[in-house]
There are 2 protein chains.
Amino acid sequence: MEPGYSSKQARATAQLRKGVLEYCVLALMRDRPRYGVELLAALEDSGALATSQGTVYPLLSRLRRDDLVTTTWQESAVGPPRRYYALTDGGRAALEEFTLLWPGFRDAVDAFLNVPRPSPGDPA
Amino acid sequence: MEPGYSSKQARATAQLRKGVLEYCVLALMRDRPRYGVELLAALEDSGALATSQGTVYPLLSRLRRDDLVTTTWQESAVGPPRRYYALTDGGRAALEEFTLLWPGFRDAVDAFLNVPRPSPGDPA
DNA sequence: GCCAGGTATCTTGCATCGCATGGAACCAGG
DNA sequence: CCTGGTTCCATGCGATGCAAGATACCTGGC
């Protein structure tokens, strides 16, 4: 990819990620511990939230600093050891808070943009 | 209000606004020019995107700097003159680009959070 | 033994943007 | 003149995504 924000989309999505990435990463750890490159690949697969190591590792450090995750080293058969990240109770609580917060934010933006959304009980 | 982010929600929503506020403000100008305090009130009414003057005015300066809006002064019967902001062609294009970009981002976050959304053609 | 390539982790410096705070100008009423 | 409401703007800070680079482990070829 070209570095340096050649398109407006790139700049827009970069700003969009702020604050959301943290909780998407927490969400990925909901069912089982994950390690850095694994998280990176999952975000890549999502398309809209693809990012880089330089974003994910500082983010993971912050999560650890704030006691939202704990980490354990685990050996790998195919490379260097991996640091697995798992949710703490605090991390799980933060994820749930955000999950409650998100729909309101999402719907507000939809309303401003006049994006039609399928709503179950909309009038006519 | 207590300064300094006493709650996690406040911090989360603050980060959430980044990059979205710009386009919601542009969207508010879609039908007619608006002035600063008017935009502030509209954001306040939305609830989830309520913000302050210290956020909106620097944002409007950036929009003007990037030629996404033009401004005209207009006298007011009840106070000092108002600076009305109107979309340029570039601003309208940026808004349309973002309107196309947003659903993909929104749906990606929904997927990570496992937030169920009503979809027209979901299987059973 | 040595080097190349893939896997995996982390750091540094920068740019962007929301926000609290404070200031300035205009107008009306007492 | 002075208070209060309305409207505009600037400054400094904190948080965060990102490009670029550094470090370390493992396997395989020579």
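All of these numbers come straight from a predicted model, not from anything done at the bench. Here is the naming used below: chain letters follow the sequence lines, and residue numbers restart at 1 for every chain.
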Practice item. Could you state the atom-to-atom distance from CZ of A/R83 to P of C/dT9 in whole Å? Key: 9 Å
Review point. Between A/S52 and B/W73, which has a closest nucleotide on DNA chain D that is more 5'?
Key: B/W73
Check your understanding: In whole angstrom, what separates A/L59's CG from C/dC10's C1'?
Key -> 13 Å
Review point. Side-chain N or O of B/T55 less than 4.0 angstrom from OP1 or OP2 on C/dC19?
Key: yes
Review point. Counting side-chain heavy atoms from C-beta on, which of D/dC18, C/dG18, C/dA8 comes nearest to A/P80?
Key: C/dA8
Review point. In whole angstroms, how far is the P atom of C/dA8 from the OH atom of A/Y57?
Key: 8 Å
Practice item. Name the nucleic acid region contacted by A/Q53, choosing base, sugar-phosphate or nothing; use a 4.0 angstrom heavy-atom cut-off, strictly under. Key: base
Practice item. Report which part of the nucleic acid B/T51 touches: base, sugar-phosphate, or nothing (heavy-atom distance under 4.0 Å, all strands). Key: sugar-phosphate
**Study point:** Protein-nucleotide distance (A/Q15, atom CD; D/dC18, atom P), rounded to Å
**Key:** 9 Å
Review point. Contact class for B/L60 vs. all strands (heavy atom < 4.0 Å): base, sugar-phosphate, or nothing?
Key: nothing
Check your understanding: Regarding A/T88 and A/R92, is there a side-chain donor-to-acceptor distance under 3.5 Å anywhere?
Key -> no
Point to revise | d(CG, B/L39; C1', D/dT7) in whole Å | key: 13 Å
Study note, to complete from the structure: When A/R62 and A/E75 are each assigned the nearest nucleotide of DNA chain D, the 5'-most assignment goes to A/R62
Practice item. Name the nucleic acid region contacted by A/G36, choosing base, sugar-phosphate or nothing; use a 4.0 angstrom heavy-atom cut-off, strictly under. Key: sugar-phosphate
Exercise for review: Check every strand shown and say whether B/Y85 touches a base, only sugar-phosphate, or nothing at a heavy-atom separation below 4.0 Å.
Suggested key: sugar-phosphate
Study note, to complete from the structure: To the nearest 0.5 Å, atom CG of A/L49 lies from atom CG of A/L28 at 9.5 Å
**Study point:** Flag for A/R17-A/T13: side-chain donor and acceptor within less than 3.5 Å
**Key:** yes
Review point. A/L40 has an atom CG; how far is it from atom P of D/dC18, in whole Å?
Key: 10 Å
Check your understanding: Between A/R17 (CZ) and C/dA15 (C1'), how many Å, whole number?
Key -> 15 Å
Revision key, fill the gap. In whole angstroms, the gap separating P of D/dC8 from CZ of B/R64 amounts to 11 Å
Practice item. With DNA chain C as reference, determine whether A/G54 or A/Y35 sits nearer its 5' end, using the nearest nucleotide of each. Key: A/Y35
Review point. So with a 6.0 Å cut-off around CG of B/D89, is the heavy-atom count from everything else above 12?
Key: no
Exercise for review: Identify the residue among A/R83, A/R82, A/R32 that makes a salt bridge (charged side-chain N to carboxylate O under 4.0 Å, His left out) with A/E38.
Suggested key: A/R32
Check your understanding: Below 3.5 Å, does any donor atom in the side chain of A/K18 face an acceptor in the base of C/dT16, or the other way round?
Key -> yes
